[in-house]
Amino acid sequence: MAFFESEIVQEEAKRLFTDYQQLMQLGSEYGKFDREGKKKFIDTMEELMQRYRVFMKRFELSEDFQAKMTVEQLRTQLGQFGITPEQMFEQMNQTLTRMKKELEQDSG
């Protein structure tokens, strides 16, 4: 069975996309959140990034041609911005770490 024909892959892709969209909509209100709301948002974003990282690793490890092409397309697209997928994840982690530090400083 082709990689993209897998119900598990399709379902996780759909969930990741939907969860990400909802989180980004919610994130536009981040500045209005109380401390606990900000903490919850950061935790949820970290969880989503971990799920995305695992999902992308499945693509990388797959022998399926379409999966390999998808990884290459992502690398090409990010390369236009001068970054790799690994750097993208690292930048996201740095942003979340900075958000956590700001939250700690605000409470201290």
Side-chain angles (χ1 to χ4, degrees):
M1 175 179 4
F3 189 79
F4 288 100
E5 291 173 9
S6 163
E7 281 186 47
I8 294 169
V9 170
Q10 290 178 12
E11 187 59 36
E12 181 59 9
K14 209 180 306 179
R15 280 185 39 227
L16 274 170
F17 182 73
T18 302
D19 291 353
Y20 179 78
Q21 280 190 314
Q22 290 173 345
L23 204 53
M24 289 303 99
Q25 285 178 329
L26 190 61
S28 67
E29 302 291 317
Y30 182 82
K32 299 176 184 175
F33 296 170
D34 64 8
R35 186 175 192 287
E36 282 305 307
K38 288 179 179 179
K39 190 172 183 287
K40 177 70 175 160
F41 179 84
I42 293 168
D43 290 346
T44 305
M45 192 65 172
E46 284 179 324
E47 177 188 312
L48 183 67
M49 288 301 103
Q50 184 58 34
R51 285 174 45 210
Y52 187 72
R53 189 184 294 260
V54 169
F55 190 70
M56 289 308 299
K57 188 52 86 174
R58 286 184 186 149
F59 276 77
E60 291 172 15
L61 296 175
S62 174
E63 295 298 320
D64 183 79
F65 178 75
Q66 282 186 300
K68 290 189 179 302
M69 287 301 298
T70 299
V71 171
E72 280 310 306
Q73 286 175 336
L74 177 64
R75 288 190 181 284
T76 299
Q77 289 169 348
L78 290 174
Q80 293 173 348
F81 297 102
I83 64 172
T84 65
E86 294 78 16
Q87 289 170 321
M88 176 189 73
F89 283 117
E90 183 55 34
Q91 288 177 3
M92 289 179 190
N93 283 333
Q94 287 174 359
T95 298
L96 290 169
T97 298
R98 188 177 66 247
M99 290 168 77
K100 282 183 191 177
K101 284 182 181 173
E102 289 172 1
L103 199 55
E104 289 170 10
Q105 289 170 352
D106 287 347
S107 68

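- Residues Ala13 and Phe55 share a closest heavy-atom pair of CB-CZ, 3.6 Å.
- Heavy atoms of other residues, nucleotides or ligands lying less than 6.0 angstrom from CD of Gln94 number more than 12.
- Connection of Tyr30 to Leu96 is established within a shared hydrophobic cluster, with ILVMFWY side chains joined at heavy-atom distances below 4.5 Å, either directly or through further cluster members.
- Here the side chain of Lys68 pairs a donor or acceptor atom with the backbone of Ser62 at under 3.5 angstrom.
- Contacts of Glu46 classified as side-chain hydrogen bond (donor to acceptor under 3.5 Å, both in side chains), with partners at least two apart in sequence or in another chain: Lys100.
- Considering Arg75, Glu90, Gln77 in turn, Arg75 is the only one that fulfils the side chain to side chain contact (heavy atoms under 4.5 Å, CB included) rule with Pro85.
- A salt bridge links Glu60 and Lys57; the closest N-O separation between the charged side-chain nitrogens and carboxylate oxygens is under 4.0 Å.
- With contacts defined as side-chain heavy-atom distances shorter than 4.5 Å, the pair Glu36/Lys40 does not qualify.
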Practice item. Please step through side chain to side chain contact (heavy atoms under 4.5 Å, CB included) for the pair Arg98 and Glu102, ending with a clear verdict. Key: CA-CA 6 Å; Arg98 188 177 66 247; Glu102 289 172 1; 3.8 Å; yes

Exercise for review: Walk me through it: do Ile42 and Met45 pass the test side chain to side chain contact (heavy atoms under 4.5 Å, CB included)?
Suggested key: CA-CA 5 Å; Ile42 293 168; Met45 192 65 172; 5.7 Å; no

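- For the pair Thr18 (side chain) and Arg15 (backbone), a donor-acceptor distance under 3.5 Å is absent.
- Rounded to the nearest 0.5 angstrom, Thr70 OG1 and Met56 CE are separated by 7.5 Å.
- Connection of Leu61 to Phe65 is not established within any shared hydrophobic cluster, with ILVMFWY side chains joined at heavy-atom distances below 4.5 Å, either directly or through further cluster members.
- In this structure, Asp106 CG and Lys101 NZ are separated by 14.0 Å, a value rounded to the nearest 0.5 Å.
- Considering CD of Glu5 and CG of Asp64, their distance stands at 8.5 Å, rounded to 0.5 Å.
- No more than 12 heavy-atom neighbours from other residues, nucleotides or ligands sit within 6.0 angstrom of CD1 on Ile8.
- Of all non-hydrogen atoms in Leu23 and Phe41, the two that sit nearest each other are O-CE1, 3.3 Å.
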Exercise for review: Show your reasoning for whether side chain to side chain contact (heavy atoms under 4.5 Å, CB included) applies to Asn93 and Arg53.
Suggested key: CA-CA 12 Å; Asn93 283 333; Arg53 189 184 294 260; 3.2 Å; yes

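- To the nearest 0.5 Å, atoms CD (Gln21) and CG (Leu16) are separated by 11.5 Å.
- For NZ of Lys38, the number of neighbouring non-hydrogen atoms (other residues, nucleotides, ligands) closer than 6.0 Å is greater than 12.
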Exercise for review: Give the C-alpha distance, both sets of side-chain angles, the deciding distance and a yes or no for side chain to side chain contact (heavy atoms under 4.5 Å, CB included) between Leu78 and Thr84.
Suggested key: CA-CA 6 Å; Leu78 290 174; Thr84 65; over 6 Å; no

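- At least one donor-acceptor pair closer than 3.5 Å links the side chain of Thr95 to the backbone N or O of Gln91.
- Cluster annotation: Phe59 is not connected to Phe17 through the hydrophobic network of ILVMFWY side chains, with a link wherever side-chain heavy atoms come within less than 4.5 Å.
- For the atom pair Asp19 CG and Glu47 CD, the distance stands at 8.0 Å (nearest 0.5 Å).
- Contacts of Glu29 classified as side chain to side chain contact (heavy atoms under 4.5 Å, CB included), with partners at least two apart in sequence or in another chain: Lys32, Phe33.
- In this structure, the side chains of Glu12 and Val54 stay at 4.5 Å or more apart for every pair of heavy atoms.
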